[in-house]
Structure formats: C-alpha cells, structure tokens
Amino acid sequence: MPAEILDLHARSNEGIVVSDIPKQIIDGLSRPVNEKQMPTMVLYDERGLRLYDDITTEAPEYYLFQAEENILKSKADEIVHAMHQTSGVRSDEVVVELGAGALRKTSHILLGLSRLVGEKNTTSPITYYALDLELRELQRTLGHIETSEVGKQLTGKVLTKGMWGTYDDGLKFIENGGLTCHSTARDLASSINRFEVGSGSGSSDASSPTLSEFSSNTSEDSSPISTPDAAAPPLHIMFLGSSLGNFPRDEATAFLRSLPLKAASGDTLLIGLDHDNEKAKIEEAYNDPKGYTTKFILNGLKSAGRALGDEHMFKEENWEYINQYKVVSSTTKDYMTGRHEAFLKSKCSQTIKEPGSQKEVVFQKDEMMKIEESWKASREPLNIVNGDADLLRWMDPNSQYSLWLLERPPFYFPLLKTVDEPQNLFSTTPFGMPSVQEWKHLWDAWDFITRRMIPPSMLHQKPIDLRHICLFYLGHIPTFLDIHLSRLLGEPHTEPENFKNIFERGIDPDVDDPTQCHPHSEVPMKEEDWPSLTGILAFQDKVRRRVLKLYADISSNKVTLTRKVARVLFMTLEHEAMHAETLLYMLLQRAGTGTVPPSGFTSPPWASLAEGWKAAALPKSETVELGPANVELGHDDLESEDASTDFKSHEFGWDNENPKRQVPVGQFKISWRPVTNWEYFQFFINNGNDKVDMPASWVNEDGIIKVRTLYGPVSMEVARDWPVMTSYNDLSTYATVKGGRLPTEPELRLFYDKYESGYGGGSNIGFRNWHPVPATTGLDRYGGRGTNGGVWEWTSTVMDAVDGFVPSKLYPGYSMDFFDNKHQVVLGGSFATIPRIAERRSFRNWYQKNYPYAWVGGRIVYDN
C-alpha cells in the first residue's frame with residue numbers, strides 16, 4: 001500500500017495551495033543591484049531533489065553528505081539509545097525529519113530504531129514522518145523504503161509516513177496537536193515560555209512580559225516546580241544535512257526557538273552541522289568539477305519561473321553559477337565561523353518581466369543574485385535549544401562534520417556572551433541591576449535543586465558536618481532576601497520573628513549599629529522545632545512576590561530607582577546563586593546514596609563522552625610563558641554613591657571587588673590546564689598518599705577509587721582529564737613536589753584575560769553540564785590552551801583587605817569576617833556558577849586552605 005502522506009498546505013476556497021514563495025521571489029527581485037536574491041527553497045522542487053541526489057552519489061567532493069552518512073552508519077545504534085535516555089522507548093512516540101530528501105542516510109536511524117524496539121519488545125511501532133516539499137518525491141522515497149530490504153526490517157517496529165509541506169507547515173501542525181499521538185501535546189507557549197513564579201519553565205525564548213503583567217499575576221498561587229507530563233509522548237526531530245546553515249544567523253535562532261520540543265520531557269533534536277573546513281575544500285564541495293552542483297543551482301531559475309507562472313522567464317544560458325567562502329567573525333569572541341555563498345551571475349545585461357504584472361526587472365552584466373548560503377562551524381544557535389549545555393556530539397573520522405543531540409533542559413542560564421534574552425530594562429551591563437528574567441532563571445534553578453534533588457529524608461541531614469542541615473538553606477534564602485527588602489523599603493518582615501531568628505545568618509537590620517553581624521543563627525537542635533517545609537515554601541513564595549511587586553512599583557514610579565535599590569537586588573540575587581552552588585557540593589557527598597540525580601537532564605552517556613574527550617586535541621606544550629605585565633584587578637563600585645539614580649551602566653560587585661587597581665607581575669610559566677584527576681591519582685597512588693589526603697571529590701568503592709558526580713560515582717577512566725577538586729593544602733603540596741607552586745591572584749587573572757579561560761563564554765559554567773569536563777574541550781577556542789573545565793581555581797593570594805577597601809554597609813560581614821589569614825582567593829567558576837558571577841572578571845571567591853568539599857582545582861606556576 002502507498003505510504004500515508006499528510007497534506008499540510010493551507011488552501012484557498014478553490015482548493016489551491018497557498019504559498020508565499022512567489023512573494024519571496026518578487027521581493028528578492030525588487031532589491032537593488034547586487035543585492036537581489038532568490039529564496040533557497042526554489043532549489044528543492046521535484047527535479048532539484050533528483051539533482052541534489054546526483055550530487056550526493058556522483059560528486060565525492062561534496063563531503064558533507066558522505067561524512068554524515070559515515071557517522072550514521074557507524075553510530076546509529078548509539079544515537080538512538082541516546083535519544084531515549086530520558087524517555088525510554090514508547091510505542092506512541094513520533095520521529096519527524098525536516099527536509100527528508102532521499103532517506104538514504106535516514107535509513108540507518110530507522111534501522112537503529114527498529115533494533116531498539118525489538119530489544120525492548122515494544123508491541124506497537126514507532127511512527128516516523130518524513131517532511132518535504134515535493135509530493136511525488138515523498139511518494140517515491142517512502143515507497144522505495146517500504147519495498148526495500150530496509151522496509152522488511154522495519155515491519156511492525158517503525159511505521160513510515162510522510163508530511164507534505166514546508167518546515168513552518170510541519171511545525172505548526174505538530175504544535176496544534178495535528179499528529180493523533182500528539183493530541184495531548186501542550187501549547188508551545190505554555191510548555192516553553194512559562195514565567196510564573198516557581199514554574200520551572202527553564203527557557204528564555206519569549207519576549208519579557210511587562211512589569212505590570214508581573215504585578216497583576218502576584219495573586220496567583222505558586223506551585224512546586226513542574227514535572228514533565230508523563231502522558232505526553234516524546235517527540236524526536238531530525239534536521240540533517242547541515243540544513244540549519246542555510247538560515248541567516250538570526251533566522252536560525254528563531255527557527256530553533258520555534259521547534260515544539262517540551263522541556264525535560266524526553267523530546268530531542270538530532271541536527272547535523274558542517275565544520276569550518278579549509279576554504280578550498282568547502283568551495284569545491286559546493287562547485288564540483290563535473291558540474292552536478294551547477295545543474296542543481298541553475299534548475300532553481302526554472303523552479304522560480306514556474307512558481308511565478310512561467311518556467312521559461314529566466315533564460316538559463318544567460319546565467320552562470322559562482323560561489324565563494326568567507327571567514328566571518330561571529331557576534332561573540334568565543335566562536336569563529338564562516339559562510340559559503342552561492343550566486344547566479346548575469347552573463348549579460350538583460351531585462352526580465354514578471355508574469356502577470358509584467359513588471360520589468362533589470363539585471364546588469366556581471367550582477368550577482370544570491371540563491372543560497374551556508375554558515376559553518378558555529379554552535380551558537382544550538383544553545384537556544386540546549387541552554388548552552390555541553391552537547392552530545394558525534395564527529396566523522398576526518399573531523400569534517402558533526403551530529404549533535406539536543407534537548408530542552410528544565411532550566412538554563414544563557415551565557416552572557418551568547419545571550420539572546422529580552423532586553424534588560426534597567427541596565428546596559430550584564431553585571432548591573434538584574435532583570436526580572438534573571439530572577440526567573442534563578443528561581444527555576446533553586447526550585448529544581450531543592451525540590452527535585454533533595455529527598456524528604458535528607459532535609460534534616462547534614463551532608464557535610466561543617467554546614468547546616470539542608471532545610472536551613474531553604475529558609476535562609478527567602479529570609480535574607482526578606483530582611484534586605486524590609487530594610488530597603490522600610491516595611492515589616494513577611495514572617496514572624498522566629499523565622500528571622502532561625503534563618504538569618506547575616507546582618508540584622510533592626511540593630512542600631514549596622515556593623516554588627518550575626519554570622520551564625522541560633523538554629524533548633526530538635527527536628528520538631530524547625531518550621532515545616534510547607535511553611536518555608538509558603539514564606540518563600542510571599543517573598544518572591546515582594547520582589548516582583550518591587551519591580552512593578554519601580555515601573556510605575558511608586559519606588560524611585562536608585563543605585564541602592566539596584567544594589568540590594570543584585571546582592572540578594574547573587575547571594576541565592578552562591579548558596580545554590582553550596583547546596584550542590586553538599587549534595588555531591590551523598591550522590592548515589594541519598595541525593596536524587598538532576599532529573600529532566602539527560603543522564604550523561606559516559607562511554608560516548610569519554611571517547612570524545614579522549615580524541616580531543618592536546619596542546620603543543622604543557623605550559624605557556626607570561627609576563628612581565630601590569631594586571632588590572634577589581635572595579636570601582638562605592639556604596640557611598642548609592643543615592644545616585646545614575647545606575648544604568650553601573651557594574652555592581654561585592655565589597656572586596658572595589659577598587660580598581662594595577663598590580664605588577666613578573667615573568668612566569670603556567671600550565672595550560674588545571675591538574676587533572678589522572679595526574680593527581682598517579683601521584684596519590686605512587687608516592688603521595690602519605691603527603692596528601694584523598695580528595696573529597698573521590699570515593700573509594702570496594703577498593704576502587706572513583707570520582708563523585710551528582711549521577712553517582714564514575715570510573716577514573718571517564719573522569720581522568722577532569723580537573724581534580726581538592727583542598728589548597730593538598731594541591732599546593734602536589735605543586736611543590738612537581739617543582740612549582742600555585743599561582744597568585746594576578747598571575748591567574750593574567751592567564752584568564754589572555755586566553756579567555758575561566759570566565760569566557762566557552763567555559764563550563766551555568767549548568768551547561770552537571771559535572772566537570774576536561775580542559776581539552778576548549779582547545780579549539782582558546783588558542784590551544786583549554787579552559788578550567790568547570791571548577792574554581794585556587795590562588796596563593798590570601799583573602800585580605802586591599803588598599804582602598806571599604807566594607808559593605810548592607811552586608812559588612814560578607815568579606816571582613818574572612819580576613820583571618822586562613823582563606824585563599826579563588827577565581828573562575830564551577831559548572832554550577834551562574835554566568836553573571838563566573839563571567840565578571842572582578843569577582844573573587846574564597847575558601848579555607850584545608851576545606852576539601854568545594855569545587856576548586858588549580859594549575860601550576862613555574863618560576864623562570
């Protein structure tokens with residue numbers, strides 16, 4: 001029987017397909033000289049698809065197809081297993097391929113799915129839909145699959161169907177529940193663009209609601225963080241062939257944003273991207289010596305004419321095909337990319353009349369008309385889907401091409417250098433007054449950690465003896481925020497005094513002397529004396545509503561926005577973010593025995609990741625020589641000026657970041673990456689276990705040392721190139737034995753500045769992963785030196801006051817309490833550090849020398 005094909009076209013009352021392609025063609029022809037263009041879609045009519053198939057089979061220069069097919073041939077089973085890590089195999093799931101073409105490559109995925117279905121003994125088949133523009137080609141290719149040997153193996157396991165229409169037609173059809181097995185799918189706006197308090201939306205892809213909208217919503221009930229709808233079947237979208245490169249960068253972002261992928265649901269996107277290969281290689285790939293590509297491009301003229309009503313309106317003999325590859329600097333420093341462009345060049349002066357209107361379009365001799373472009377090597381748009389996560393990737397053996405598997409995470413923090421956030425109404429710097437959207441991201445993360453990863457049985461436990469019980473932090477965060485809002489606005493506290501007394505652990509705004517600080521709260525000794533979790537969450541909700549109301553009052557001019565108001569919001573937001581990280585390194589000590597792994601994020605396929613890490617490029621040398629130089633530390637940020645309403649471009653920071661200062665450093669050599677688990681393991685096993693303790697980031701399981709992760713321990717082989725996380729004392733001992741030392745704060749800052757390591761957009765921060773990664777993952781973007789891998793880094797600089805230091809009036813004990821010669825400055829950021837902290841180069845963190853739990857590693861300096 002012929003394959004079922006759904007007609008997705010909009011039609012007129014007369015049944016004629018409504019298409020905007022004619023309008024796109026006319027608009028492109030109406031542009032000025034050398035700016036005219038044809039929509040790329042005209043290349044893919046029925047004949048064009050056949051000609052493209054000739055390119056893939058007869059032109060070996062077109063490496064993209066072959067490279068992608070090689071990946072699919074060898075990795076199909078691995079890919080389909082990864083697609084189902086979150087959701088498992090379900091008989092009601094759907095796989096949709098955008099722009100399916102000849103299905104030659106796709107057959108490998110289909111066979112992989114059939115083997116997976118057989119392995120899981122699923123009784124009903126997975127449904128695969130091929131979406132494409134041309135009906136007869138869909139009929140032909142689906143018919144061929146059905147009657148082939150592949151089709152026999154799919155029988156009863158993978159059902160193949162078609163969708164006839166454009167990308168937009170297909171995506172709208174899915175969003176509107178057009179697929180019967182997706183009839184329960186949620187509206188895209190509610191599943192991806194939700195911003196209610198505590199919703200756990202985890203996405204930033206809508207325009208920011210107005211402050212008045214936030215104010216009007218403050219009466220709504222807040223509920224715990226959302227969980228995936230178990231009734232909604234998973235959707236797997238495939239977008240192969242490096243087709244995303246055909247979109248201009250802004251359109252690529254918009255397109256990926258429009259994909260109906262539910263967050264934390266098991267939905268996935270498998271997408272192919274070409275690399276930024278050599279110019280000559282790319283140009284030959286798109287203009288093969290035998291002329292297959294030329295035929296394909298010139299056919300677009302006939303297709304365009306047919307769309308306007310006269311396929312002969314463009315005389316093919318008057319045109320020639322020209323192509324070129326340009327290296328283009330990306331919008332951020334972290335990615336370099338290039339663009340291939342395909343043009344139709346007018347061989348003579350000519351005038352063409354549009355059918356119907358008879359409007360004349362004049363082309364000059366040698367005038368160029370763009371018909372296709374293909375961007376290379378940038379993964380920036382992918383971050384819209386994956387939230388900047390370290391993406392699961394398969395690369396062809398020649399490193400020419402990659403397949404990426406993406407999912408929408410439950411939440412994410414956009415990196416500041418790749419941010420596509422709604423405009424911050426209050427600040428022109430990412431380190432200024434936070435936007436409402438930043439609070440939403442943080443609340444999503446906080447709720448995820450506290451409500452999904454801490455089981456009820458752990459709330460009254462101390463994963464680390466030196467810290468409070470887990471429940472304390474759930475109450476401390478809203479209490480700290482409430483105290484500072486009340487002090488700022490001259491309003492009473494939200495809750496009775498006992499909440500403040502238990503959870504304060506900070507400045508008391510009610511005492512006469514604001515320098516008096518209470519660093520340790522009087523916490524209950526018995527479990528029954530603590531407030532209930534329900535009561536704490538209700539209190540948290542009320543305090544969050546105070547924040548939203550303050551933003552609304554600022555918008556309506558009920559509250560004058562001064563630098564002090566902005567500072568309180570900056571300080572309380574970053575305070576919450578830092579405690580989220582504290583909670584996580586506490587929970588790490590119980591991972592695998594008490595802590596719940598981060599559900600909704602795909603469990604890392606350790607074997608595949610380890611294989612990729614092992615194959616990553618290594619630097620040409622182990623160290624880099626720097627200095628002598630003057631290093632700028634800190635920034636200027638005086639609280640005494642907080643009455644000012646000039647705050648828009650002001651960069652806030654904690655008291656120890658002020659003032660800006662120049663510090664000289666001499667010449668030194670520094671290792672390009674932090675000390676790794678494997679390097680430290682060899683030292684510990686061979687001769688170091690009598691000199692240093694085993695890191696708290698390791699665990700001894702039945703005599704085998706493994707590395708802790710929030711997913712449970714992993715083998716040393718998997719984590720061998722991750723930075724080791726251990727105390728200053730032990731890492732300093734290791735550095736000394738190796739003939740070096742740990743860097744000073746200015747030395748490490750100089751390295752960070754030169755190689756954008758530690759705080760750049762390529763670093764492993766902001767929950768891109770829930771674990772460290774090898775420093776080698778950044779080699780392609782950091783001059784061959786690598787990143788910090790997702791850990792803070794020790795310095796030999798003691799945390800102390802600098803010349804010009806002024807303690808904070810709002811929080812005087814923040815830094816001063818630690819000027820005790822026991823704490824070391826640490827720089828950078830971990831995988832759980834939010835971007836506005838990790839990417840602010842003036843930020844300084846600190847820990848005690850013997851503190852083993854924090855996510856801190858270090859690199860070695862050698863004096864010349």
Side-chain angles (χ1 to χ4, degrees), residues 24-25 27-29 31-44 48 51-52 54-56 58-68 241-252 272-304 314 316-331 335-350 361-381 398-402:
Q24 291 183 43
I25 296 171
D27 289 347
L29 293 175
R31 296 190 174 201
V33 174
N34 284 322
E35 294 182 23
K36 295 183 178 67
Q37 61 185 38
M38 279 281 182
T40 302
M41 201 176 296
V42 301
L43 296 174
Y44 296 95
L51 292 171
Y52 177 75
D54 289 342
I55 295 172
T56 64
E58 304 297 333
E61 296 80 9
Y62 190 67
Y63 64 87
L64 292 81
F65 186 95
Q66 298 155 13
E68 188 172 68
S242 199
S243 299
L244 186 69
N246 297 142
F247 291 87
R249 272 294 172 262
D250 56 342
E251 293 181 23
L273 285 183
D274 191 17
H275 293 185
D276 191 7
N277 295 297
E278 295 176 2
K279 174 182 169 68
K281 184 179 185 67
I282 292 175
E283 289 185 342
E284 188 176 43
Y286 287 90
N287 196 356
D288 61 280
K290 294 183 180 179
Y292 289 102
T293 308
T294 298
K295 291 178 184 177
F296 171 68
I297 296 293
L298 291 177
N299 179 68
L301 292 170
K302 184 174 289 188
S303 173
F314 294 97
E316 189 174 305
E317 62 269 20
N318 290 343
W319 298 89
E320 65 177 311
Y321 169 47
I322 301 292
N323 73 315
Q324 64 179 9
Y325 181 67
K326 291 181 178 178
V327 175
V328 181
S329 179
S330 174
T331 55
Y335 304 91
M336 293 300 291
T337 187
R339 181 179 68 227
H340 178 268
E341 297 174 319
F343 297 92
L344 287 161
K345 179 180 177 181
S346 179
K347 295 163 72 173
C348 60
S349 298
Q350 54 180 311
V361 180
V362 177
F363 285 91
Q364 297 179 3
K365 185 177 183 299
D366 296 330
E367 183 177 348
M368 308 279 273
M369 177 169 61
K370 184 184 290 188
I371 194 168
E372 186 183 41
E373 67 179 19
S374 181
W375 288 80
K376 308 294 180 186
S378 174
R379 68 175 233 176
E380 289 175 60
N398 296 318
S399 300
Q400 302 174 120
Y401 193 93
S402 290

Does Phe363 have any ring-ring contact (aromatic ring centres under 6.0 Å, His included) partners at least two apart in sequence or in another chain, and if so, which?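 Trp319.
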By ring-ring contact (aromatic ring centres under 6.0 Å, His included), which residues pair with Tyr44, not counting sequence neighbours? Phe296
Are side-chain heavy atoms of [X] and [Y] found at a separation under 4.5 Å?
X: Gln364; Y: Ser346; answer: no
X: Leu344; Y: Leu298; answer: yes
X: Leu29; Y: Met38; answer: yes
X: Asp274; Y: Tyr63; answer: yes
X: Asn287; Y: Ile297; answer: no

Contacts of Gln324 that satisfy side chain to side chain contact (heavy atoms under 4.5 Å, CB included) - sequence neighbours left out: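 Counting only residues at least two positions away or on another chain, Gln324 forms a side chain to side chain contact (heavy atoms under 4.5 Å, CB included) with Glu283, Lys326, Glu341, Phe343.
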Taking [X] for the side chain and [Y] for the main chain, is one N or O donor matched with an acceptor at less than 3.5 Å?
X: Asn34; Y: Met368; value: yes
X: Ser374; Y: Asn246; value: no
X: Glu372; Y: Thr40; value: no

Interatomic distance, [X] atom [atom1] to [Y] atom [atom2] [nearest 0.5 angstrom]:
X: Arg339; Y: Ile282; atom1: CZ; atom2: CD1; result: 12.5 Å
X: Asn318; Y: Cys348; atom1: CG; atom2: SG; result: 4.0 Å
X: Leu244; Y: Glu251; atom1: CG; atom2: CD; result: 11.0 Å
X: Glu284; Y: Tyr325; atom1: CD; atom2: OH; result: 15.5 Å
X: Lys36; Y: Ile371; atom1: NZ; atom2: CD1; result: 14.5 Å
X: Phe65; Y: Thr56; atom1: CZ; atom2: OG1; result: 4.0 Å

Give every residue pair that meets the salt bridge (Lys or Arg N to Asp or Glu O under 4.0 Å) criterion with at least one member in residues 288-302, sequence neighbours excluded. none
Closest approach of [X] and [Y], non-hydrogen atoms and distance?
X: Tyr292; Y: Ala59; value: CD1-CB, 4.3 Å
X: Glu68; Y: Ser242; value: OE2-N, 4.4 Å
X: Gln24; Y: Pro39; value: OE1-CB, 3.4 Å

In chain order, what residues pass the side chain to side chain donor-acceptor pair (under 3.5 Å) check against Tyr321, with sequence neighbours excluded? none
Which residues share a salt bridge (charged side-chain N to carboxylate O under 4.0 Å, His left out) with Asp54, sequence neighbours left out: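 Checked Asp54 against salt bridge (charged side-chain N to carboxylate O under 4.0 Å, His left out); zero matches.
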Do we see a donor-acceptor contact under 3.5 Å between the side chains of Thr293 and Tyr62?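 Not at all, the side chains of Thr293 and Tyr62 share no donor-acceptor pair under 3.5 Å.
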May I ask you to check whether Asn277 and Tyr401 show a side-chain donor-acceptor distance below 3.5 Å?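 Asn277 vs Tyr401: no donor-acceptor pair found between side chains.
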